[in-house]
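Shown next, in structure tokens, is the structure this report addresses.
Given the structure is predicted, the values throughout are model-derived calculations rather than measurements. We use all heavy atoms of the structure for the numbers below, so side chains are in, but hydrogens, waters and symmetry mates are not.
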Amino acid sequence: MSALAAAGVAGVAGCTGTSNGDDETTASTTEPTTEEPTTTEQTTEQTTPDERAPEPADSPTAAVETFANAADAAAFQGPFHPLHPFSVEKLSREDAENLYENSTFPESVALEQVDREVTVDLVASATLPGPDTEQNAIEDALAGRDAVVVEATFESESGTETAQFVTVERDGGWLILAQGLGSGKSADEALPARVVSGVAFEPDQNAARVQFVSDVVADSVTVEAVQSGDSTSTSTPGSVNYLEVGLDSGGDEVVVSATVDGESRVVHRERYPESDRLVDSIEFVVDPETDDRDAIARVNFNDTDEEGRVRVVSTVQGGEGEAEPVGSLNYLNVGVDPEGDEVVVSYPVGGDTEEIHRERFHP
């Protein structure tokens, strides 16, 4: 596991908010100088619960540096905010020790502060503490405190990687509140077009039917099947209910483009066959019961063996989230605008990032 790349993250993503995590930490006590024999330590634990406490760093970059250069699990765990699943409040000594011993740390890490506004939505979009973290808890963690984003750049087996952390002031120093942020390079701003209500695949005919919404907003629409090369267009989208294209039976991708006031943009993208693609479906939920955000999109993933990092972005609300390995994920939530939004899924995240799915939400 690469701890810095928030990949200790992927393993913990499914159990954030619980006291058990998959991240590092050794079974040593909070006080770095207290290294008593095992018998003494056991007696102390029986009479006194866990007395460990966060150890704020002198600066935002120092907090991440402490984590990255930790010589043992206690040092590793010290700079985390109580809301973070690696913190002494969330991760037991035993789990912390196991995590630390099974994590890898790069030999050299370059750290710099990033000019990026820290908001509740930004923290909620991070891989850790995770999408199920209560928004009120994030608000409390940020209320009245300075917060800074720190970016770490390091070399791994797959090349140069970056990871972003949210650090926040607390108890006279700085702690890591969140990690695994998106790059901040959001998808293109959504074109004000309303076109696709859904795509129906017809395997027997190797065809896809792109169904239009009842009140189309576009001057023209083009539907293309990338692999087969088949495409069709209409300059009167309000007068038709759908467009259909032929597909390559070995696998294809349907791309829908719309033109509004002379500007053209891709407004929908999904792959065929559905069973072989990474994204199974996207559910848009307004006023979700288990999330404090006004609306979310839940991107559901198919069961795959893919090990790369996936990014989910909402182009209107500006929410984003990343996680890896994507093969271990059931879903990722991202905040969306309840008045309408667009969700873009990219994979893998890195130098060869590719958009694999794009879908719009119309209330």
Side-chain angles (χ1 to χ4, degrees), residues 6-7 9-17 121-133 135 178 180-188 190 196-199 201 253-256 266-338 340-350 353-363:
V9 160
V12 181
C15 43
T16 46
D121 283 341
L122 179 65
V123 174
S125 74
T127 311
L128 292 180
D132 296 328
T133 306
Q135 194 159 15
L181 303 180
S183 65
K185 300 175 182 178
S186 60
D188 295 334
V196 181
S197 67
V199 178
F201 293 103
E253 184 175 34
V254 175
V255 180
V256 183
V266 173
V267 296
H268 192 95
R269 180 191 300 271
E270 59 181 283
R271 296 187 173 186
Y272 170 84
E274 295 164 283
S275 58
D276 291 348
R277 66 192 191 188
L278 205 61
V279 177
D280 176 39
S281 63
I282 299 182
E283 302 172 63
F284 293 93
V285 184
V286 176
D287 194 20
E289 294 182 1
T290 58
D291 196 300
D292 289 337
R293 286 173 284 193
D294 293 334
I296 61 170
R298 172 168 290 187
V299 180
N300 298 305
F301 297 100
N302 280 317
D303 185 14
T304 72
D305 295 327
E306 297 293 337
E307 297 183 352
R309 190 171 185 81
V310 67
R311 176 184 300 145
V312 177
V313 176
S314 58
T315 61
V316 177
Q317 180 74 10
E320 59 180 301
E322 295 185 9
E324 66 178 323
V326 66
S328 71
L329 301 175
N330 292 322
Y331 65 87
L332 274 179
N333 288 342
V334 64
V336 296
D337 190 323
D341 213 323
E342 178 182 51
V343 172
V344 180
V345 183
S346 301
Y347 178 85
V349 176
T353 299
E354 180 182 0
E355 178 183 308
I356 61 170
H357 194 98
R358 182 182 290 256
E359 191 168 327
R360 291 192 169 204
F361 160 61
H362 305 292

Short side-chain donor-acceptor distance under 3.5 Å, Y347 and E306: yes

With I296, the side-chain contact (heavy atoms from CB on, under 4.5 Å) member among V285, T290, D287: V285

Could you grab the distance from atom [atom1] of [X] to atom [atom2] of [Y], nearest 0.5 Å is fine?
X	Y	atom1	atom2	value
R298	I282	CZ	CD1	12.5 Å
E270	H357	CD	NE2	5.0 Å
D341	E359	CG	CD	12.0 Å
R309	L329	CZ	CG	9.5 Å

Using side-chain heavy atoms (C-beta onward) and a distance below 4.5 Å, is [X] in contact with [Y]?
X	Y	value
V310	F301	yes
D121	E320	no
I356	R277	no

Can you see which heavy atom on [X] is nearest to which on [Y], and at what distance?
X	Y	answer
R271	E355	NH2-O, 4.0 Å
A126	A178	CB-CB, 3.8 Å
N333	R293	CB-NH2, 4.0 Å
P288	D294	CD-O, 3.8 Å
E283	N300	OE2-ND2, 2.7 Å
E307	P325	O-CB, 3.4 Å

Is there a donor-acceptor pair under 3.5 Å between the side chain of [X] and the backbone N or O of [Y]?
X	Y	result
S314	G335	yes
D280	D303	no
T304	L278	no
D292	Q135	yes

If you apply the rule side-chain contact (heavy atoms from CB on, under 4.5 Å), what do you find for V286 with F361, and how did you get there? CA-CA 11 Å; V286 176; F361 160 61; 3.7 Å; yes

Apply side-chain contact (heavy atoms from CB on, under 4.5 Å) to the pair R358 and E342, showing each step before the final yes or no. CA-CA 7 Å; R358 182 182 290 256; E342 178 182 51; 3.1 Å; yes

Carefully, step by step, assess V343 and V312 under the rule side-chain contact (heavy atoms from CB on, under 4.5 Å). CA-CA 7 Å; V343 172; V312 177; 3.9 Å; yes

Could you walk me through whether V334 and V313 pass the side-chain contact (heavy atoms from CB on, under 4.5 Å) test, one step at a time? CA-CA 7 Å; V334 64; V313 176; over 6 Å; no

